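Please read the structure below before turning to the comments.
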Protein chains: 2
Amino acid sequence: MSTIREVAELAGVSQATVSRVMSGEVPVTESTRQRVESAMQALDYAPNAFARSLASNRSQGVGLMISHLGGPFMGRMMVTLEDRLRAYDKSLLVASGRSDPERERETVRFLLARRCDGMLLHADGMGDDELAALAERLPVVILNRLVPRLAEQCVHIDNVAGGYQATRHLIGHGHRAIACITGPLWKQDATQRLMGYRRAMAEAHLAVDSDCVIEGDSTEAGGRRAVDRLEARGVACTAVVAGNDEMAVGAMARLRELGRRIPGDISVIGYDDEAYAHHLTPGLTTIHAPIEEMAEAAAARLLELTYELPWQGPLVFRPWLVERGTVAGRRD
Amino acid sequence: MSTIREVAELAGVSQATVSRVMSGEVPVTESTRQRVESAMQALDYAPNAFARSLASNRSQGVGLMISHLGGPFMGRMMVTLEDRLRAYDKSLLVASGRSDPERERETVRFLLARRCDGMLLHADGMGDDELAALAERLPVVILNRLVPRLAEQCVHIDNVAGGYQATRHLIGHGHRAIACITGPLWKQDATQRLMGYRRAMAEAHLAVDSDCVIEGDSTEAGGRRAVDRLEARGVACTAVVAGNDEMAVGAMARLRELGRRIPGDISVIGYDDEAYAHHLTPGLTTIHAPIEEMAEAAAARLLELTYELPWQGPLVFRPWLVERGTVAGRRD
DNA sequence: CATTGTTATGAAAGCGCTTTCATGCTGGTT
DNA sequence: AACCAGCATGAAAGCGCTTTCATAACAATG
């Protein structure tokens, strides 16, 4: 690997000049620029990223901390994130928080030690305060969550709108007794979806019996258990809105075991529109979020914050309902 | 951020000693070690990764180049990879090749410029030669592919065994006319799965009519088209083995549209055991590969190659058949 | 022609570590 | 008492860049 010194010698200039040619920020006579450039070519020169980072104190890389790398749309999200970042020659350091608050913190420390210039955070477990403190230290954008005092740095999906739409859809089909299986309520998206549900119910002057809302754990098994809980409590609902597709699937499976037909006896609606939702029979009616757009916005916003690459765009995205086959009118 | 110098001053030792304490490779008197360590604590010291990399000429990071970040098990794979690497305090630079050979090459260059110490490659498009050349430059492990002259650095699934098992299973159920819908044949895994199919057929003295094998594109739509091609050619098969679950799902959907019952009229078997396979009705019989184990082995092997962290383990993994509901005995 | 201002360039000082080499200290050996 | 091996430590030289500061070259001005 050749160094800047060799390039400088070959071009007959100083290292400083080579550096200036690379940065492109400083005027350099056309003839010297050319000499330097051909020297770089001739030596197949690639600057040493570490030396550069050490001297300039920026890494040209951003960290991505993901609460759970295996989550539903992390794949889709990362594809876009990586793509946008690389278009500006920034690298992506990925680290997972493994769904554990303490581990999330440690992951952030890890990324910090790597001195990334900015950070993308999909943090479920960390508190607003910690996030705000971190945002003081370096440019940060929060994914899929709204931290009020950091609103300008949060790119997220309007989850209450999603919960609301799902519930409205059911109400529109004549349902009145609607159960809600939520995700873990310590996660913001779960509480927001629940809020959407409550809002829709309230708007339709439908009472929400506390027996009707079950806190699940976002897994298929959790969906099944939730149905059992509902049964045990003797809740007689004609529809259920689930906090995610996994739980919807689990609930449907259990419901069928108990002899209910979907959507004949009971309607079900999911959330996330995972890849498999339309493979189900019947296809799962669910809420779809524009993950790629969100990722794109997040990358752009971070680039703007960190490297002053200008961008103007929305930070909040609305999800929409995808109608398939798990919702039917209430039988009377 | 405090530097090594400050730590050294506070502890009353030289920078060299602090460095030695950190590396842990060199003997240091217990008392000085303690003084240094408490100084580090007091100053909340974290070494500057760039300075370290520059001086030592290793980045403590490995690059992951993935042919297609959005692929079926990339999520599962990355979770494990990241976890194992981080356990040794190595960071993971992720970059996607976007299913394009040229782009894969560029991605490798990108990672190379970032000076990672080693590289994990899930390369579909690059040639064996290129891979071998790269392996000369730095420690490399190839994921999910076998490059003969780099066998010791390839961690992969035995795809011919998978194709074989799928086909055997069908033959065992009395099927004789078995079609095969493959993935793009320029990808090694697709051709290997096809080889497995051919081997099983040959072993059972079953002729493979060239009309029976259709090259698909690994998508659901491709699965549907493949069925149409089969129909158009007038192939009368009682079973089909698909190159992946996506195509299996597409084929099943199209088959149903054409009035066939699964598995009553025709059996179908997939490959990959994607998350949704068991959600289908009936559940998709498919081939399951131990992705996590593979990822674990890959990480371990790379660590061994790059940082001499010893490890001894298998490099090839056998997939297995998961029986669900899409295969039945041949009706006579 | 002397003076000033402008601009491209070079010299050199770091950035914060690692690593080599030299050194001083200990305790065991003769 | 003299000697040496062994070992912990310090001094200092980089690693390959960026950036400040100084300077040479030149054009413009009075």
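Throughout, a chain's letter reflects where its sequence line sits, starting with A, and its residues are numbered from 1. Keep in mind that the numbers below use all heavy atoms, side chains included, and drop hydrogens, waters and symmetry copies. From a predicted model like this one, the values you see are computed outputs, not experimental measurements.
A:Val13 comes within contact range of the sugar-phosphate backbone alone, with a heavy-atom separation under 4.0 Å but no base atom that close. Among the protein residues, A:Val28 comes within range of the sugar-phosphate backbone only, with heavy atoms under 4.0 Å from sugar or phosphate atoms but none that close to a base. Heavy atoms of A:Ser23 sit nowhere under 4.0 angstrom from any nucleic acid atom. Base contact: A:Ser19 has a heavy atom under 4.0 Å from a base atom. Counting any heavy atom pair closer than 4.0 Å across all strands shown, B:Val18 reaches no nucleic acid atom.
Side-chain N/O atoms of A:Thr32 include one lying less than 4.0 angstrom from OP1 or OP2 on C:dT9. One finds a side-chain N or O of B:Ser14 lying less than 4.0 angstrom from the OP1 or OP2 phosphate oxygen of D:dG10. Side-chain N/O atoms of A:Thr17 include none lying less than 4.0 angstrom from OP1 or OP2 on C:dT9.
Note that CZ of A:Phe73 is 6.5 Å distant from CE of A:Met294, once rounded to the nearest 0.5 Å.
Of the candidate nucleotides C:dG10, C:dA8, D:dC17, D:dC17 has the atom lying nearest to any side-chain atom of A:Ala55. Closest to the B:Ala51 side chain, of the nucleotides C:dA8, C:dT19, C:dC17, is C:dC17. The nucleotide whose nearest atom lies closest to any side-chain atom of B:Arg52 is, among C:dC17, D:dT18, C:dT9, C:dC17. Side-chain proximity of A:Ala16 to C:dT19, C:dC17, C:dA11: nearest is C:dA11.
In summary, B:Arg145 and B:Asp128 engage in a salt bridge, as defined by a charged side-chain N under 4.0 Å from a carboxylate O. Salt-bridge formation is not detected for the pair B:Glu296/B:Arg301: no Lys NZ or Arg NE/NH1/NH2 atom is positioned less than 4.0 Å from an Asp or Glu carboxylate oxygen.
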Could you walk me through whether A:Gln34 and A:Glu30 pass side-chain hydrogen bond (donor to acceptor under 3.5 Å, both in side chains), step by step? CA-CA 6 Å; A:Gln34 302 222 329; A:Glu30 190 50 31; 3.1 Å; yes

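Atom pair A:Leu54:CG and D:dG16:C1' shows a separation of 9 Å (rounding to whole Å applied). We find that CE of A:Met22 is positioned 13 Å from P of D:dG16, with the value rounded to whole Å. Taking atom CZ of A:Arg5 as the reference point, atom C1' of C:dA12 lies 12 Å away to the nearest angstrom. Atom CG of B:Asn48 is separated from atom C1' of D:dC17 by 13 Å (rounded to the nearest Å). Put simply, CD on B:Gln15 is 12 Å from C1' on C:dC15, counting in whole angstrom units. Following rounding to the nearest Å, A:Arg33 (CZ) and C:dT7 (P) show an atom-to-atom distance of 16 Å. Counting to the nearest Å, the P atom of C:dT9 and the CD atom of A:Gln34 are 12 Å from each other. One can place CG of B:Asn57 at 21 Å from P of D:dA13, the figure rounded to the nearest angstrom.
For the pair B:Glu304 (side chain) and B:Trp311 (backbone), a donor-acceptor distance under 3.5 Å is present. A donor-acceptor pair under 3.5 Å links the side-chain atoms of A:Asp117 to the main chain of A:Gln60, judged by distance alone.
In this structure, B:Pro47 and B:Arg20 both approach DNA chain C, and ranking their closest nucleotides by distance from the 5' end singles out B:Pro47.
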